[in-house]
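Working notes for the structure below.
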Amino acid sequence: MPEIKKIVTDSGIEIKPFYTNDSPSSTFHDEPGTFPFTRGIQADMYRGKLWTMRQYAGFSTAEESNKRYHYLLSQGVMGLSVAFDLPTQIGYDSDHPLAEGEVGKTGVAIDSIEDMRTLFNGIHLEQVSTSMTINATGFILLAFYVALAKQQGADLKKITGTIQNDILKEYAARGTYIYPPKPSMRIITDIFEWCSLEVPKWNTISISGYHIREAGSTAVQEIAFTLSNGKAYVKAALANGMDINVFGKRLSFFFNAHNNLFEEVAKFRAARKMWAKMMKELGATDPRAMMLRFHTQTGGSTLTAQQPHNNISRVTIQTLAAVLGGTQSLHTNGYDEAFSLPTEEAARIALRTQQVAAFESGIADTADPLGGSYFIEALTNEVEEKAWQIVQRIDAMGGSVSAIEQGFIQNEIAKSAYEYQQKIETGEKIIVGVNKFEVKEENKVPPFKIDDHIREVQIQKIKALKTSRDNAKVDQCLQEINDRASGDANLMPAVVEAVENKCTLGEIADTLREVFGEYK
């Protein structure tokens, strides 16, 4: 008998040549919508409601981004997803010296409530779900959003959306942190507490595995590190006296979708099962507080600058993985994102990929279509088992905050990224168009370009704002934030009042820098 080739996933799970019904712990007799939700959080899944189709967008000024949002809404997008530039993400106004060269480049520049009003001009916040990818300054952007909703006359009890607000993964994988871990965790629990009273339908955190995976983790590490971070947030909220059955319902997750279709589906199923067990162990009794609800974005790091139209196929496979895995929300990347922000054409094709999957493929017709597959059930079990092993190591270190402070999570991600790149270099891992099936070509896809004069536009806006506002009131608002930060009062009411009185993002962030310091 000829020797059978050995195949393993990027997580090191060996794939058998075939699978039989002796695979342990099949969920074949489980029902979607019931604990531990391996097969999905809703009994009817997409029959009742399709996943929310989002397109992540933000660039240049608020005016330019607003045009793109209206375009996307006209094309059938069901929810907006806002990208912010780096100065906004790390708490610098556009006129700060460190903002030079970065204003409006990776996302939209938001310095004040005036920018936020322009960003959503003509869009009623009570009628749209908005996701904001923002972490260290997430509380300020949430305050801008809530203040704008109030100005529009919206019912805050009906406002829906998400702030990413996941600072732990910033220390571990991405780097847009400002304050040290402990005060950052305090800000997050303040958001949990305030939102539960003021904007109860708002998802207060999107615990993110996406950036962990983009930094080079495996699928197993992605869910292990992410769920461990989630446990840390829950424990911090519990220590603050909050009710897990209340705030647990507003926790959401954000995962990556890569190209190994079956491992990705197994990853999503295993993550749901693990989180339900974690929340139950932490004291949750309401099933809705045990449900892992998640947004998915297709894998940016899988996109290639070589033969970029091949990325449409990659994004299609990743779309299938997300939907077959039971996502609640999905963003599909543009094929040109390996070398620029997506053009309108690329964004439209990415959205159409979701729409074709939803309305033509049949994958939305029944819950958990791959459930009961010998292969998927075995793979789900193996992903779960390996992920629990990592979670237990982190628990033994004292949890995610301690594991990050010790460099464990960062080192494990870096090791996986190095090993993956080595496999590409040796040809063990084939990337079509990169290390096999190459062609000599010139890139003929026109990149999306950002005007370099945007910073000057933003600086003039800030000058006009500061001359038109009541600066004595501004000083009073910033002092109130300082006083609350120095004590233990919730920060959010003071931050909302500050933005309503035209304090800038940088002024609020700097006030807290004075109290909390910066993390180095």
Side-chain angles (χ1 to χ4, degrees), residues 50-86 88 102-110 115-116 118-124 127-133 161 210 257 295-319 322 329-360 441-454 457-458:
L50 279 174
W51 66 92
T52 301
M53 298 181 193
R54 297 188 184 275
Q55 283 305 110
Y56 183 47
F59 55 88
S60 184
T61 61
E63 290 88 348
E64 289 302 311
S65 291
N66 177 260
K67 291 175 187 175
R68 177 66 65 92
Y69 295 157
H70 279 284
Y71 171 76
L72 291 170
L73 288 166
S74 75
Q75 295 300 306
V77 155
M78 298 148 67
L80 297 175
S81 193
V82 185
F84 299 96
D85 70 359
L86 282 174
T88 303
E102 293 293 346
V103 176
K105 293 295 176 69
T106 62
V108 62
I110 299 293
D115 286 331
M116 200 63 144
T118 302
L119 185 67
F120 290 101
N121 183 37
I123 298 169
H124 296 288
Q127 298 170 8
V128 67
S129 170
T130 303
S131 171
M132 295 188 281
T133 303
Y210 183 85
H295 169 71
T296 309
Q297 182 172 337
T298 56
S301 63
T302 69
L303 303 179
T304 65
Q306 300 93 329
Q307 303 178 42
H309 288 98
N310 293 344
N311 294 327
I312 297 173
S313 299
R314 293 185 176 100
V315 169
T316 302
I317 292 168
Q318 294 161 11
T319 297
S329 170
L330 178 61
H331 161 86
T332 33
N333 289 330
Y335 68 84
D336 54 358
E337 289 189 54
F339 45 82
S340 76
L341 291 171
T343 58
E344 260 191 17
E345 180 202 43
R348 184 176 66 251
I349 291 171
L351 175 61
R352 293 290 184 258
T353 301
Q354 292 198 52
Q355 291 165 335
V356 169
F359 300 111
E360 297 185 29
E441 61 174 351
E442 289 182 15
N443 179 25
K444 296 179 180 177
V445 178
F448 186 86
K449 292 185 177 179
I450 301 296
D451 189 336
D452 287 329
H453 295 94
I454 289 163
V457 172
Q458 288 299 114

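Counting from 1, the numbers follow the sequence of the chain as shown.
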Donor on one side chain, acceptor on other, Arg54 and Gln297, under 3.5 Å: no
What closest approach, in Å, do Leu303 and Gly334 show between heavy atoms, and which atom pair accounts for it? CD1-O, 3.7 Å
Shortest non-hydrogen pair, Gly104 vs Asp85, comes out as N-OD2, 2.8 Å
Does the pair Thr343 and Asp336 meet the rule for a side chain to side chain contact (heavy atoms under 4.5 Å, CB included), with working shown? CA-CA 8 Å; Thr343 58; Asp336 54 358; 3.2 Å; yes
Inter-residue atom distance Leu73.CG - Met78.CE, 0.5 Å rounding: 11.5 Å
Measure from the side-chain N and O atoms of Thr88 to the backbone N and O of Ile110, and report whether any donor-acceptor pair falls under 3.5 Å. yes
Quick one: salt bridge (Lys or Arg N to Asp or Glu O under 4.0 Å) pairs with a partner in residues 303-314, sequence neighbours left out? none
Closest heavy-atom pair, Asn333 versus Val315, reported as atoms and distance to 0.1 Å, is O-CG2, 3.6 Å
Evaluate the criterion side chain to side chain contact (heavy atoms under 4.5 Å, CB included) for residue pair Met53 and Val77; output intermediate values, then yes/no. CA-CA 6 Å; Met53 298 181 193; Val77 155; 5.7 Å; no
For Glu64, all residues meeting side-chain hydrogen bond (donor to acceptor under 3.5 Å, both in side chains), sequence neighbours excluded: Lys67
Are Ser81 and Gln55 linked by a side-chain donor-acceptor pair shorter than 3.5 Å? no
Closest approach of His295 and Ser329, non-hydrogen atoms and distance? ND1-OG, 2.7 Å
How many angstroms lie between CG in Asn311 and CD in Gln318, if you round to the nearest 0.5 Å? 8.5 Å
What pairs with Glu63 under salt bridge (charged side-chain N to carboxylate O under 4.0 Å, His left out), at least two apart in sequence or on another chain? Lys461
Quick one: OH on Tyr69 to CG on Leu119, what's the gap to the nearest 0.5 Å? 4.5 Å
Taking all atoms of both residues into account, what is the closest heavy-atom pair of Ala357 and Trp51, and its distance? C-CH2, 4.3 Å
Test ring pair (Phe, Tyr, Trp, His ring centres under 6.0 Å) applied to His309 - qualifying residues, sequence neighbours left out: Tyr335
Ile349 vs Thr332, test: side chain to side chain contact (heavy atoms under 4.5 Å, CB included). Steps then yes/no. CA-CA 9 Å; Ile349 291 171; Thr332 33; over 6 Å; no
Approximate separation, where rounding is to 0.5 Å, of Leu72 CG and Gln75 CD: 8.0 Å
Glu337: what forms a salt bridge (charged side-chain N to carboxylate O under 4.0 Å, His left out) with it, not counting sequence neighbours? none
Heavy-atom side-chain contact between Val82 and Phe120 under 4.5 Å: yes
Atom of Thr61, atom of Gln458 and distance for their closest heavy-atom approach: CG2-OE1, 4.0 Å
Quick one: OG1 on Thr319 to CD1 on Ile312, what's the gap to the nearest 0.5 Å? 11.5 Å
When rounded to the nearest 0.5 angstrom, what distance separates OG1 in Thr106 from CG in Leu86? 4.0 Å
Please identify each residue that fulfils side-chain hydrogen bond (donor to acceptor under 3.5 Å, both in side chains) with Thr130, with sequence neighbours left out. Tyr145
Look only at the side chain of Asn66 and the backbone of Asn121, and say whether a donor-acceptor pair between them is shorter than 3.5 Å. yes
